Peer 1: 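Sharing a structure here in structure tokens format.
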Amino acid sequence: MTGHLKTWPIILALSILSAPLVLMYAYLFIDTVTNSPPGSFIPNEFTLEHWAFLWHTPPGRPSIWRVTFNSLLFAASTSLLVIVVSSMAGYVLSRLNVPARGFFLAGVMVLHAFPAITLIVAIFLVLQMIGLYNTLIGVILVKAAIDMPLGIWLMKGFYDTVPWEIEMAGIQDGASRFTVWRKLVLPQVKPGIFALWLFAFLLGWSEFILPQVLAPSGDVQVLSVYLASLIADDNNFDMALFKSVGLFYIAPVLILFFVFQNYLMNIYGGGSKG
């Protein structure tokens, strides 16, 4: 009881500070399912016309379900590539005495330090030369390459926390290094792998600059670019439609966060040993 008495002022203060944000998001949802008279904030009728994009494709725009599929494919493929490469590279840098290990680690951090926007011209030229410009696979490869340095460092941190005794026991029993990694070490870092996958998925889902510049075609458009195109249409801009598509866009992110928030928080639980 004493603990509750000590914490209720903090909870009350946070509730008061959060109330405007809660009201703002609540009104955002209400505004997508109602109509209000001009100049009024009070709705006067219920309607689903602002969500009609779910079952009716507006003229001159790609289907929202095609765009959603592109976004899911982009985010899932990017996160899968990041996990596969990072889980192997992180183990090598954590456990094996590879030549120039320190130089490679420094190089990984330098690569992560460059914002994607500073590399966009070079990436654009490379994709054009290899024939992957305006394709989803080209953007997937670029996004995975940009996110991979962070993934490698995070996985190295998780591997650093695994006791050496686990590997030594497997090696003494005659298992190969790959078998030890796959059967003994990977199960020890499963929370980190899942957290990194979720983190990489959210980064891919929210990416805008790379798909906008490298895959502008409607056939490979993602939700972030679709949402931005609604603002660019000055002649037929519909604020209610923009809000509805925005809620549709963030719904999967909110669901993933609330369902897997414990795993997402575990991404900060890795070790920091060199």
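Predicted, not measured: the structure shown is a model, and the values here were computed from it.
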Peer 1: Would a 4.5 Å heavy-atom cut-off, applied to side chains only, mark Leu214 and Ile120 as touching?
Peer 2: yes

Peer 1: Of all the heavy-atom pairs spanning Val180 and Gly170, show the shortest one and how long it is.
Peer 2: CG2-C, 4.0 Å

Peer 1: Checking Tyr159 against Leu186 for the side chain to side chain contact (heavy atoms under 4.5 Å, CB included) test, could you report, in this order, the C-alpha distance in whole Å, the side-chain angles of both residues, the deciding distance, and whether it holds?
Peer 2: CA-CA 9 Å; Tyr159 285 126; Leu186 275 185; 3.4 Å; yes

Peer 1: Is any side-chain heavy atom of Val139 closer than 4.5 Å to a side-chain heavy atom of Val222?
Peer 2: no

Peer 1: Can any side-chain N or O of Ser244 pair as donor or acceptor with the backbone N or O of Trp51 at less than 3.5 Å?
Peer 2: no

Peer 1: Would a hydrophobic clustering, with Ile, Leu, Val, Met, Phe, Trp and Tyr connected at side-chain separations under 4.5 Å, put Phe53 with Ile231?
Peer 2: yes

Peer 1: What's the separation between atom OG1 in Thr32 and atom OH in Tyr27, rounded to the nearest 0.5 Å?
Peer 2: 11.0 Å

Peer 1: Taking side chain as C-beta onward, heavy atoms only, is Arg95 less than 4.5 Å from Val162?
Peer 2: yes

Peer 1: Looking only at heavy atoms, which two atoms of Ser176 and Thr179 are closest? And how far apart?
Peer 2: OG-OG1, 2.8 Å

Peer 1: Decide yes or no for Met155 and Leu93: does some side-chain heavy atom of the first lie under 4.5 Å from some side-chain heavy atom of the second?
Peer 2: no

Peer 1: Are Phe46 and Leu241 linked, directly or through intermediate hydrophobic residues, by side-chain heavy-atom contacts shorter than 4.5 Å (ILVMFWY only)?
Peer 2: yes

Peer 1: Indicate the atoms forming the closest heavy-atom contact of Ser36 with Asp31, along with that distance.
Peer 2: OG-OD1, 4.4 Å

Peer 1: Holding to salt bridge (charged side-chain N to carboxylate O under 4.0 Å, His left out), I want the full list of residues that pass it with Arg177, two or more places apart in sequence or in another chain.
Peer 2: Glu167

Peer 1: Treat each ILVMFWY residue as a node, draw an edge where side-chain heavy atoms are under 4.5 Å apart, and state whether Leu119 and Leu125 are in one component.
Peer 2: yes

Peer 1: Do Leu150 and Phe199 have side-chain heavy atoms sitting under 4.5 Å apart?
Peer 2: yes

Peer 1: Could you tell me if the side chain of Val213 sits less than 4.5 Å from the side chain of Leu210, heavy atoms only?
Peer 2: no

Peer 1: How long is the span from the OH atom in Tyr133 to the OG atom in Ser217, to the nearest 0.5 Å?
Peer 2: 9.5 Å

Peer 1: Do Thr135 and Val220 come close enough that some side-chain heavy atom pair is under 4.5 Å?
Peer 2: no

Peer 1: So how far is it from Phe201 CZ to Phe74 CZ, rounded to the nearest 0.5 Å?
Peer 2: 11.0 Å

Peer 1: Counting only heavy atoms not in Ile137 (residues, nucleotides, ligands), do more than 12 fall under 6.0 Å from its CD1?
Peer 2: no

Peer 1: Evaluate the side chain to side chain contact (heavy atoms under 4.5 Å, CB included) criterion for residues Lys143 and Leu203: first the C-alpha distance (whole Å), next the side-chain angles of each, then the deciding distance (0.1 Å), finally the verdict.
Peer 2: CA-CA 9 Å; Lys143 178 61 176 173; Leu203 285 175; 4.3 Å; yes

Peer 1: Check whether any side-chain heavy atom of Pro62 lies under 4.5 Å from a side-chain heavy atom of Asp219, and answer yes or no.
Peer 2: no

Peer 1: Group every Ile, Leu, Val, Met, Phe, Trp and Tyr by side-chain heavy-atom contacts under 4.5 Å, then state whether Val121 and Ile130 land in the same group.
Peer 2: yes

Peer 1: As a quick check of understanding, evaluate side chain to side chain contact (heavy atoms under 4.5 Å, CB included) for Glu207 and Ile209, giving each step before the final call.
Peer 2: CA-CA 6 Å; Glu207 181 61 45; Ile209 294 295; 3.9 Å; yes

Peer 1: Output the distance between atom CD1 (Ile11) and atom OG (Ser18), rounded to the nearest 0.5 Å.
Peer 2: 11.5 Å

Peer 1: Under 3.5 Å, is there a donor-acceptor pair between the side chain of Asp147 and the main chain of Ser79?
Peer 2: no

Peer 1: Taking atom CG of Leu230 and atom CG of Asp238, what is their separation to the nearest 0.5 Å?
Peer 2: 8.5 Å

Peer 1: Any side-chain to backbone donor/acceptor pair from Asn70 onto Gln221? Under 3.5 Å, distance only.
Peer 2: yes

Peer 1: Is the count of non-hydrogen atoms from other residues, nucleotides or ligands lying under 6.0 Å from Met24 atom CE greater than 12?
Peer 2: yes

Peer 1: Judged by atom type as modelled, is there a donor-acceptor pair below 3.5 Å linking the side chain of Trp205 to the main-chain atoms of Tyr249?
Peer 2: yes

Peer 1: Looking at Phe248 versus Trp65, is the centre-to-centre ring distance below 6.0 Å?
Peer 2: yes

Peer 1: Counting heavy atoms not belonging to Phe258, are there more than 12 under 6.0 Å from its CZ?
Peer 2: no

Peer 1: Distance check, rounded to the nearest 0.5 Å: Phe29 atom CZ versus Thr34 atom OG1?
Peer 2: 9.5 Å

Peer 1: When you measure from the side chain of Ser94 to the backbone N and O of Tyr91, does any donor-acceptor pair fall under 3.5 Å?
Peer 2: no

Peer 1: Is Ser71 reaching over with its side chain to a backbone N or O of Leu223, donor-acceptor style, under 3.5 angstrom?
Peer 2: yes

Peer 1: For the hydrophobic clusters of this structure (ILVMFWY residues joined by side-chain heavy atoms under 4.5 Å, transitively), does one cluster hold both Ile123 and Val82?
Peer 2: no

Peer 1: Ignoring hydrogens, what is the shortest heavy-atom contact between Ser87 and Trp181? Give both atom names and the distance.
Peer 2: O-NE1, 3.6 Å

Peer 1: Taking the side chain from Ser86 and the backbone from Ile83, do they hold a donor-acceptor pair closer than 3.5 Å?
Peer 2: no

